[in-house]
Amino acid sequence: MSYMAPVPDEIDAYDLPVSGALPPELTGRYVRNGPNPLPGERPGHWFNGHGMLHGIRLRDGRAEWYRNRWVRTGRLAGLPYARPDGGRDLTAVSANTHVIEHAGRVLALVENGLPYRISPDLGTDGPLDFGGRLTTAMTAHPKQDPATGELHFFGYGVRPPYLTYHRLDASGELVHSREVAVPGGTMMHDFAITEHHVVWLDLPVTFQPHLAGRTMPYQWDDGYGARLGVMRHDRPGAPVRWFDVEPCYVFHVGNAHEDASGRIVLDAVRYGRADFTAVWRMAGGSGDPAASASFEGSARLHRWILDPATGTVREQALDDRAVEFPTLDDDRVGRAARYLYTSDDSAIVKYDLVGGGAGSHRLEPGTYIGEAVFVPAVPGPRGEDDGWLLSITTRHDGSASRLLVLDASNLAAPPVAAVDLPRAVPAGFHGSWIPDVARRR
Ligand SMILES: [Fe+2]
């Protein structure tokens, strides 16, 4: 066993043991997605296991239930991704990367297919194509504008159109789609928004036709170059302004914003060539990632400042710690944010991007922690870090997991609460807090 080992089945557990005191304001569900192959199945690449949702339902200071469910995708039912006509079945995917709520709908996402709509008890309602309007895949990292409620996203593919930008209005209707010209098919896992712009990551991990038919046919490509693109999202047809940058790869954006000079400031977790290659080899190499002792390849928080007035870009490392899974207060997406939360696998690390420095909450030895989701304290005015961080921890030997609740404003303090889960939850990808009462924006 290891903390990456998949679980063999779906279970339900009720009235979970809680240490500390769960804030009664935390009434809703924390749901996290991740890859979980069926028993006996070897996905070939850790990123390729079927999506499994792990959910914990909190209400009025109690942990009412835990349950886990595979997302019932076409692929889980055995449908092939490649269709006989050469096209792709965008429902025959894993839906294993993220789970978000927008316009009252909960969606399980993976970047090579359609979103799957999820019910409150983690059942699968089915794929969603927004009335037939979405004809590309949908990224697992859409961005909701905190002021408008719009959901910005994109789809990428291995043949033209390589990249398509989409936007939902606040009611969840797909109201805008446009192709964005890029030289080729890259693995574009994430992107950024600001108040007026989309920021594209056109980076040198490209589709490799000779690997087609394998699970993740992408590799580092020294010949592709590396560019960031800035595009007004409020002007249909606006051109993309491209900026050449030092070659790198980015799975995850922390945030972006426009500064007082009109420059675009992008903070993201950056991999150099060697680190990307190492993490890619680890995830895809053995076919049995559960046997891996740990993640390999490390990435660091990095800043790019793009100046549309001069066409220049400045970039700098912000820290030398190896971190991943950046998150922030959702009310600051696309706006200047002071705090970013990340994981270094054994601690939650909180960056102060204004005051400088970082604080952390380190776990007991032998415990893994992934992404932490910020949940704002409600109601009323609050500071940016006035709220909680939720994350699932897993013992390295696969013996146990907990849902940890930390005070985001004081990571040095002991956890506010911890919920003992009925068994180990394998390390996964991304999740969301879905409150019972939607917050007003
Ligand atoms: Fe991701």
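Treat the numbers as computed from the prediction; the structure is a model and nothing was measured. First listed ligand is number 1; within each ligand, the first listed atom is number 1. Worth knowing before you read on, the calculation uses all heavy atoms, side chains too, and leaves out hydrogens, waters and symmetry mates. Residue numbers count from 1 along this sequence.
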Whether the H252 and H189 side chains hold a donor-acceptor pair (N or O, under 3.5 Å, no angle test) is what I'd like checked.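 H189 and H252 do have a side-chain donor-acceptor pair below 3.5 Å.
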Distance-only polar pair, side chains of R362 and S346, donor-acceptor under 3.5 Å: yes
Side chains of R270 and R300, heavy atoms from C-beta outward: is any pair under 4.5 Å?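 The answer is no; the side chains never approach within 4.5 Å.
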Within-4.5 Å side-chain heavy-atom neighbours: T342 and I348: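 T342 vs I348: side chains apart.
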Need one value: angle at the Fe ion (ligand 1), H430 atom NE2 versus H189 atom NE2, rounded to 10 degrees. 170°
Metal check, the Fe ion (ligand 1) vs H98 N/O/S, cut-off below 2.8 Å: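 Given the 2.8 Å cut-off, H98 does not count as a ligand of the Fe ion (ligand 1).
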Looking at the Fe ion (ligand 1), which N/O/S atom of H252 is the nearest one?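 Per the distance ranking, H252 contributes NE2 as its closest N/O/S atom to the Fe ion (ligand 1).
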